[in-house]
Amino acid sequence: TIVDETALPTVTLSVGSTSINEKTGTTSTPVTITLFAASAKVVTVTLSTSGTATSTLDYTLSGTTITIPAGVQSGSVTLMAANDDPLDEANETVIIDMTCDAACNEATLQQKTVTIVDETDLPTVTLSVGAASINEKTSATSTSVTVTLSAVSAKGVTITLSTSGSATSTVDYTLSG
């Protein structure tokens, strides 16, 4: 009986870029598994993802397993950002983890994070008032002030109002809301 005492190959996980764009420029990056030395055995690594980005909605991964044939030192799949929607949203992350099959060992805990940069323009703000003129004592003594965004935003939007003119705040008018 011949016993194979060859040590299992050690593998590392890498990404071509730790940041990709949602729409323009670099929108994808290779995810690569590399063996320290070529193996006489086929090596298969399984990838899993987590993070703030959602698979298929925010990104796609061209495969969740990488099989490295005997005699070859590396294999790759591609992580691609999805131009997911017109929403202005925060940058999102994809955290990639790997698990070796019985034919390899991880060098250390292998985990890579890729940030998907949101490129959607910020919405613009329009301010309008119900009535341009109001009376101090009779008839219409108040008016509405409305803030409108040009597009929906996934982020919280805060608008700070300031006033100017000859009327004095709290003496001639008050803002509420």
Side-chain angles (χ1 to χ4, degrees), residues 1-126 147-160:
T1 304
I2 298 173
V3 177
D4 183 2
E5 293 182 355
T6 307
L8 295 176
T10 302
V11 298
T12 58
L13 172 67
S14 63
V15 292
S17 177
T18 58
S19 179
I20 58 177
N21 296 329
E22 187 178 63
K23 297 177 185 177
T24 62
T26 303
T27 58
S28 65
T29 188
V31 177
T32 304
I33 299 298
T34 304
L35 303 176
F36 282 173
S39 174
K41 298 177 181 178
V42 173
V43 173
T44 301
V45 173
T46 302
L47 302 174
S48 60
T49 58
S50 59
T52 58
T54 303
S55 179
T56 68
L57 184 63
D58 297 313
Y59 68 92
T60 57
L61 194 58
S62 64
T64 56
T65 59
I66 298 175
T67 300
I68 303 172
V72 176
Q73 271 191 277
S74 66
S76 296
V77 294
T78 303
L79 174 69
M80 296 161 285
N83 184 0
D84 58 353
D85 54 35
L87 281 179
D88 170 43
E89 58 188 351
N91 293 345
E92 297 172 303
T93 58
V94 180
I95 301 169
I96 305 163
D97 288 294
M98 60 167 268
T99 305
C100 282
D101 67 0
C104 64
N105 286 318
E106 288 184 52
T108 57
L109 176 63
Q110 300 290 303
Q111 185 179 76
K112 299 296 175 189
T113 300
V114 176
T115 300
I116 301 173
V117 178
D118 180 66
E119 296 180 291
T120 305
D121 292 335
L122 296 173
T124 57
V125 176
T126 304
V147 175
T148 306
L149 297 177
S150 62
V152 175
S153 178
K155 298 176 186 174
V157 177
T158 301
I159 307 298
T160 302

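Counting from 1, the numbers follow the sequence of the chain as shown.
Note that CE of Met80 and OG1 of Thr60 are 3.5 Å apart. Values are rounded to the nearest 0.5 Å. In this structure, CG on Asp97 lies 5.5 Å from OG on Ser50, to the nearest 0.5 angstrom. Rounding to the nearest 0.5 angstrom, the gap separating the CG atom in Asp101 from the OG1 atom in Thr67 is 8.0 Å. Ile116 CD1 to Thr93 OG1: the interatomic distance, rounded to the nearest 0.5 Å, is 8.0 Å. Between atom CE of residue Met98 and atom CG of residue Leu13 there is a gap of 6.5 Å, rounded to the nearest 0.5 Å. The CD1 atom of Ile20 sits 9.0 Å away from atom OG1 of Thr26, with the distance rounded to the nearest 0.5 Å.
The backbone N or O of Thr24 sits less than 3.5 Å from a side-chain atom of Glu119, completing a donor-acceptor pair. Put simply, the side chain of Gln73 gets close to the backbone of Leu35: a donor and an acceptor are under 3.5 Å apart. No donor-acceptor pair under 3.5 Å is formed between the side chain of Asn83 and the backbone N or O of Glu22. Listed for the Thr115 side chain is no donor-acceptor partner under 3.5 Å among the backbone atoms of Val117. A donor-acceptor contact shorter than 3.5 Å links the side chain of Gln110 to the backbone of Thr108. With hydrogens and angles disregarded, no donor-acceptor distance shorter than 3.5 Å links the side chain of Ser62 to the backbone of Val77.
When all heavy atoms of Ser74 and Thr32 are compared, the pair lying nearest together is CB-CG2, 4.2 Å. Here the shortest heavy-atom pairing between Leu57 and Ala82 reads O-CB, 3.5 Å. Closest approach of Ala103 to Pro9, counting heavy atoms only: O-CD, 3.1 Å. Summarising the geometry of Ala81 relative to Asn21, their closest heavy-atom pair is CB-O, 3.3 Å, with the distance given to 0.1 Å. Taking every heavy atom of both residues into account, Ala151 and Pro123 meet most closely at O-CB, 3.5 Å. Listed here is the closest heavy atom pair of Ser28 and Thr78: CB-CG2, 3.8 Å.
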TODO: Assess whether side-chain hydrogen bond (donor to acceptor under 3.5 Å, both in side chains) is satisfied between Ser17 and Thr29, documenting all intermediate values.
DONE: CA-CA 6 Å; Ser17 177; Thr29 188; 5.0 Å; no
TODO: Report the C-alpha separation of Glu106 and Val45 in whole Å, then their side-chain angles, then the decisive distance to 0.1 Å, and conclude whether the side chain to side chain contact (heavy atoms under 4.5 Å, CB included) test is met.
DONE: CA-CA 10 Å; Glu106 288 184 52; Val45 173; over 6 Å; no
Task: Worked verdict on Ile95 versus Gln111 for side chain to side chain contact (heavy atoms under 4.5 Å, CB included) - done: CA-CA 7 Å; Ile95 301 169; Gln111 185 179 76; 3.4 Å; yes
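Contact annotation: the side chain of Lys112 never approaches that of Thr18 to less than 4.5 Å [non-hydrogen atoms, C-beta and beyond]. Between Leu61 and Leu79 there is a side-chain heavy-atom pair separated by less than 4.5 Å. In this structure the side chain of Val125 reaches within 4.5 angstrom of the side chain of Leu149, judged on heavy atoms. Side-chain contact check for Tyr59 versus Val114: every heavy-atom pair is 4.5 Å or farther apart. Proximity of Thr99 to Ser48: side-chain heavy atoms (C-beta onward) are nowhere separated by under 4.5 Å.
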